[in-house]
Amino acid sequence: MEVRTRFAPSPTGFMHLGGVRTALYAYLFARKHGGKFILRIEDTDQERFVEGATEVIYDTLRGCGMDWDEGPDVGGDYGPYVQSDRKHMYLPYAKELVEKGAAYYCFCTKEELDERRAAAEARGEVFKYDKHCLNLSKEEIQAKLDAGTPYVIRLNCPTEGESAYDDEVFGHIAFPNSDLDDMVLIKADSMPTYNFANVIDDHLMGITHVLRGMEYLSSTPKYNLLYKAFGWEIPKYVHLTTVMRDAQHKLSKRDGDAYYSDFISKGYLKEALINYLALVGWNPGDDREFFTMEELIEAFDIKRLNTSPGIFDVTKLTWMNAQYIAKMDFEDYLRMATPWFDQVLAGKGMDYRRLAELMQGRTEVFNRIPDMISFLAEMPEYDLSLYFHKKMKCDETVAKENLTLMLPVIEGIQDWTEQNLHDTVMAAIAESGKKNGAVLWPLRIAISGLANTPGGAFEIMYLLGRDETLRRLHAAMEKLG
RNA sequence: GGCCCCGUGGUCAAGCGGCCUAAGACACCGCCCUUUCACGGCGGUAACCCGGGUUCGAGUCCCGGCGGGGUCACCA
């Protein structure tokens with residue numbers, strides 16, 4: 001049988017990382033087995049229509065390399081793929097269940113229910129619908145229906161025994177039926193509840209494997225009751241652990257660390273993000289850590305999905321991101337880095353190509369670039385103690401002495417290339433009998449004001465240009481007294 | 001609170017009864033390389049939640065406790 005998985009997000013305008021990972025696993029599983037990956041938009045949330053929200057979903061998934069075989073924009077044999085376009089499909093199914101005795105009309109109002117719920121809570125009990133309307137006679141029901149009394153349709157759950165199923169990752173899971181609540185299938189506005197629509201859609205779309213968050217673990221018995229009542233085949237369940245921010249919190253939008261777009265705009269590479277995300281809750285069983293999408297498809301196996309929640313470690317993601325950046329095509333790096341360079345260097349006429357060469361291996365996340373290179377735009381304030389460096393055998397006095405020695409040498413350089421800068425200065429150092437470090441260290445400090453810079457003295461002098469370099473050197477001499 | 005799930009170093013994790021005096025990666029700390037930083041190389045610190053069983057033998061199986069998470073809507 002052909003494997004069919006789906007990703008069914010709500011168009012909220014943002015893609016949660018947990019959602020991206022769920023989509024990824026569903027995608028990988030389908031591809032791994034030569035099956036189909038379906039995209040279904042669950043937009044029954046009537047009140048909140050977000051402009052462009054479905055595009056966010058499309059762009060994220062496609063951008064990451066997850067293409068779907070069926071969906072709103074690509075069509076398919078099981079459409080429509082947008083839930084709001086399927087509105088009319090659900091009520092008949094609910095009525096079928098009523099006829100089969102698996103569901104029933106309920107006329108209790110929301111207010112009555114709230115009251116009873118509050119009362120139960122006051123008694124310290126868990127509220128469960130008491131099947132009040134299940135006892136209504138056929139005549140009573142018909143009378144109310146004829147009178148146009150608002151109603152909902154509820155699932156008639158068993159009250160004894162237990163419901164069990166075998167989850168593909170968690171194994172055998174059993175629940176006492178006495179805990180099952182007669183959930184609403186059709187709301188008073190005749191629209192289906194999320195859970196009901198889900199089951200109908202999954203069945204109609206021929207979904208064979210349901211990959212979803214483990215928050216559905218405890219409502220799955222009710223899903224199964226529905227499948228059984230219809231006489232439909234129950235899909236395989238692959239419940240996924242939660243992606244956490246720390247041991248007790250999920251990734252949340254509040255902290256700005258939950259959305260795919262948060263990371264992309266900070267300058268994380270989607271390949272790195274996907275690669276890292278794949279590894280939170282899953283591993284290939286060997287030591288491999290770097291995967292292309294193709295390699296993930298090849299290696300993916302739901303048997304290796306973990307059962308305990310994983311914490312999303314930004315530090316490790318950042319490391320992985322740096323690895324990806326270092327290995328990316330230089331032209332791509334230059335193109336991506338340019339806007340970040342522009343933030344502090346726009347209009348300076350800086351050699352971006354050379355700068356990019358120096359920066360590529362040092363960029364962990366693109367948004368850290370401006371801080372790393374702002375010294376090129378403007379000489380930072382710095383303390384004279386920076387000239388002290390034990391290993392370089394340097395301090396203020398040495399700095400002053402060696403800088404005084406080098407200033408005329410550098411001033412005499414007209415052919416301002418890195419190579420020439422290097423050769424001329426190194427020759428002068430050799431001639432002076434000084435230690436390389438004792439000259440180069442203070443030289444770099446004098447023109448950068450920083451202990452750490454992306455590149456050494458020659459690279460920076462070149463980048464700065466002759467005028468600016470000399471200006472900074474003179475300022476340094478003055479500062480050193 | 002009821003029910004369900006989970007519990008190996010700070011984090012991701014391997015381990016599926018003996019090969020574990022417990023891999024690997026990130027982070028951290030040293031050292032080396034280097035005109036700085038980074039990269040790279042080498043080395044180091046650091047874990048089986050607790051208590052009972054079962055077994056010749058338990059991180060690995062069972063039970064209990066504790067801890068964490070999830071779920072208990074006419075939300076999705």
Side-chain angles (χ1 to χ4, degrees), chain A residues 8-10 12 42-45 47-48 83 106 108-110 113-114 117 121 124-128 150-154 167 170-171 173-176 178-181 183-189 191-195 197-198 213-221 239 241-242 244 246-250 276 279-283 285-289 304 306-320 322-323 326 358-359 361-364 372 389 391-392 394 422 425-426 429 435-445 448 450-460:
Chain A
S10 289
T12 59
E42 309 230 323
D43 63 345
T44 53
D45 200 348
E47 62 223 50
R48 230 163 235 166
Q83 218 163 44
C106 171
C108 295
T109 66
K110 205 169 177 178
L113 256 21
D114 286 345
R117 198 189 320 277
E121 223 163 277
E125 294 169 11
V126 179
F127 177 74
K128 223 184 95 178
Y151 68 86
V152 302
I153 295 180
R154 284 180 185 276
D167 188 89
F170 289 97
I173 296 174
F175 294 86
S178 54
D179 285 344
L180 265 27
D181 194 13
M183 70 166 172
V184 171
L185 268 20
I186 296 293
K187 299 183 278 189
D189 61 3
M191 285 297 116
T193 55
Y194 169 83
N195 293 308
N198 227 265
M214 64 170 287
E215 59 267 27
Y216 296 101
L217 218 50
S218 44
S219 44
T220 300
H239 283 107
T241 54
T242 315
M244 308 289 284
D246 56 47
Q248 32 270 99
H249 304 278
K250 295 203 237 188
Y276 176 70
L279 262 14
V280 180
W282 173 82
N283 75 82
D286 53 40
D287 287 345
R288 283 180 296 165
E289 287 198 297
R304 298 207 62 90
N306 283 128
T307 48
S308 50
I311 294 173
F312 187 86
D313 184 3
V314 183
T315 306
K316 181 143 187 181
L317 165 65
T318 300
W319 165 78
M320 187 167 268
Q323 298 288 316
L358 295 168
M359 289 295 290
R362 301 165 215 259
T363 307
E364 292 188 297
M372 293 171 75
H389 192 298
K391 260 186 72 180
M392 297 301 133
C394 184
H422 174 273
V425 172
M426 289 308 277
I429 293 174
K435 286 278 191 192
N436 288 346
V439 177
L440 265 10
W441 172 265
L443 186 53
R444 195 176 56 82
I445 298 298
S448 72
L450 258 26
N452 303 328
T453 52
F458 304 120
E459 288 89 346
I460 294 166

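Order of the sequence lines fixes the chain letters, A, B, ..., with proteins taken first and strands second; residue numbering starts at 1 for each chain.
- A gap of 31 Å separates the P atoms of G7(B) and C29(B), to the nearest Å.
- For L185(A) and C75(B), the CG to C1' distance is 16 Å, given to the nearest whole Å.
- Comparing the P positions of C62(B) and U55(B) gives a spacing of 16 Å, expressed to the nearest Å.
- In this structure, N436(A) does not reach the U34(B) phosphate: none of its side-chain N or O atoms is under 4.0 Å from OP1 or OP2.
- Dashed line: the shortest gap from a side-chain N or O of R304(A) to OP1 or OP2 of G15(B) is under 4.0 Å.
- V280(A) comes within 4.0 angstrom of sugar-phosphate atoms only, judged by non-hydrogen atoms across all strands, and of no base.
- For G285(A) and A457(A), each mapped to the nucleotide of RNA chain B holding its nearest heavy atom, the one lying further toward the 5' end belongs to G285(A).
- Take T363(A) and apply the side-chain hydrogen bond (donor to acceptor under 3.5 Å, both in side chains) test, not counting sequence neighbours, and it matches Y333(A).
- When rounded to the nearest whole Å, the span between CG of D167(A) and P of C5(B) equals 11 Å.
- Distance noted for atom P between G44(B) and C12(B): 24 Å (whole Å).
- Applying the side-chain contact (heavy atoms from CB on, under 4.5 Å) rule to K128(A) yields the partners D181(A); only residues at least two apart in sequence or on another chain are considered.
- Partner assigned to A47(B) is none, using Watson-Crick or G-U wobble distances below 3.5 angstrom.
- Both M392(A) and Q323(A) lie near RNA chain B, and the one whose nearest nucleotide falls closer to the 5' end is M392(A).
- Distance CG (D246(A)) to P (U11(B)): 10 Å, rounded to an integer number of Å.
- The distance between atom CH2 of W282(A) and atom C1' of A14(B), rounded to the nearest whole Å, is 13 Å.
- Shown here are the side-chain hydrogen bond (donor to acceptor under 3.5 Å, both in side chains) partners of R154(A), two or more places apart in sequence or in another chain: there are none.
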Give the C-alpha distance, both sets of side-chain angles, the deciding distance and a yes or no for salt bridge (charged side-chain N to carboxylate O under 4.0 Å, His left out) between E289(A) and K316(A).
-> CA-CA 11 Å; E289(A) 287 198 297; K316(A) 181 143 187 181; 2.7 Å; yes

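- Looking only at side-chain heavy atoms (C-beta outward), F458(A) and M426(A) come within less than 4.5 Å of each other.
- With both ends at atom C1', the span from C16(B) to U60(B) equals 7 Å, rounded to whole Å.
- In this view, D167(A) and Y165(A), V169(A), F170(A), I173(A), L217(A), Y237(A), H239(A) satisfy the side-chain contact (heavy atoms from CB on, under 4.5 Å) rule, not counting sequence neighbours.
- Across all strands shown, C42(B) forms a Watson-Crick or G-U wobble pair with G30(B), both key distances being under 3.5 Å.
- Residues satisfying the side-chain hydrogen bond (donor to acceptor under 3.5 Å, both in side chains) test with T318(A), not counting sequence neighbours, are Y268(A).
- If you check every strand for non-hydrogen atoms under 4.0 Å, C108(A) touches a base.
- If you check every strand for non-hydrogen atoms under 4.0 Å, T318(A) touches nothing.
- Taking the side chain as every heavy atom from C-beta outward, M392(A) and R444(A) never approach each other to under 4.5 Å.
- Straight-line distance from the OH atom of Y276(A) to the P atom of C12(B): 8 Å, rounded to whole Å.
- Under the Watson-Crick or G-U wobble criterion, with both distances below 3.5 Å, C72(B) is paired with G1(B).
- Distances shorter than 4.0 Å separate some side-chain N or O of K187(A) from OP1 or OP2 on C75(B).
- Between R362(A) and C39(B) there is no side-chain polar atom (N or O) within less than 4.0 angstrom of OP1 or OP2.
- A distance of 10.0 Å separates CG of L358(A) from CE of M372(A), quoted to the nearest 0.5 Å.
- In this structure, M320(A) places its CE atom 18 Å from P of U11(B), rounding to the nearest Å.
- Look at C66(B): its Watson-Crick or wobble partner, with both distances under 3.5 angstrom, is G7(B).
- Closest contact between the side chain of N283(A) and the listed nucleotides A14(B), C3(B), C74(B) involves A14(B).
- Within the 3.5 Å criterion, the main-chain N or O of L450(A) finds a donor-acceptor partner in the side chain of S448(A).
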Please tabulate, one pair per line, each protein N/O and nucleotide N/O from nucleotides 42-50 of chain B that are separated by under 3.5 Å, including the distance.
none

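- Rounded to whole angstrom, the span from the CG atom of L180(A) across to the P atom of A73(B) amounts to 12 Å.
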Summarise protein proximity over nucleotides 23-32 of chain B in one line of letters, 5' to 3': B for base, S for sugar-phosphate only, - for none, counting protein heavy atoms closer than 4.0 Å.
-> BSBSS-----

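- Out of C3(B), A73(B), G1(B), the shortest distance to the side chain of D181(A) is found at A73(B).
- Using atom C1' as the reference point in both A22(B) and G59(B), the two lie 8 Å apart (nearest Å).
- Every residue was checked against the side-chain hydrogen bond (donor to acceptor under 3.5 Å, both in side chains) condition with T241(A), not counting sequence neighbours, and none meets it.
- Partners of D114(A) according to the salt bridge (charged side-chain N to carboxylate O under 4.0 Å, His left out) rule, which considers only residues two or more places apart in sequence or in another chain, are R117(A).
- Comparing C6(B) with C19(B), their P atoms sit 26 Å apart, to the nearest whole Å.
- Between G24(B) and A13(B), the distance separating the two C1' atoms is 8 Å to the nearest Å.
- For U21(B), there is no paired nucleotide, since no Watson-Crick or G-U wobble pair has both relevant distances below 3.5 Å.
- Base engagement by G455(A) is indicated by at least one non-hydrogen atom pair under 4.0 Å involving a base atom.
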Every protein N/O within reach of nucleotides 67-70 of chain B N/O, cut-off under 3.5 Å:
residue : atom : partner : partner atom : Å
G68(B)  : O2'  : A247(A) : O            : 3.1
G69(B)  : OP1  : Q248(A) : O            : 3.4

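- Within 4.0 Å (heavy atoms only), A174(A) reaches sugar-phosphate atoms of the nucleic acid but no base atom.
- Taking the side-chain contact (heavy atoms from CB on, under 4.5 Å) definition, one finds that N306(A) meets it with N283(A), sequence neighbours left out.
- Note that CG of L317(A) is 4.5 Å distant from CZ of F312(A), once rounded to the nearest 0.5 Å.
- Taking side-chain N and O atoms only, N452(A) has no distance below 4.0 Å to OP1 or OP2 of A38(B).
- A46(B) sits 35 Å from G64(B) when the P atoms are compared, rounded to a whole Å.
- S308(A) is linked by a side-chain contact (heavy atoms from CB on, under 4.5 Å) to nothing, counting only residues two or more places apart in sequence or in another chain.
- Protein atom CG of N306(A) is 9 Å distant from nucleotide atom P of G7(B), rounded to whole Å.
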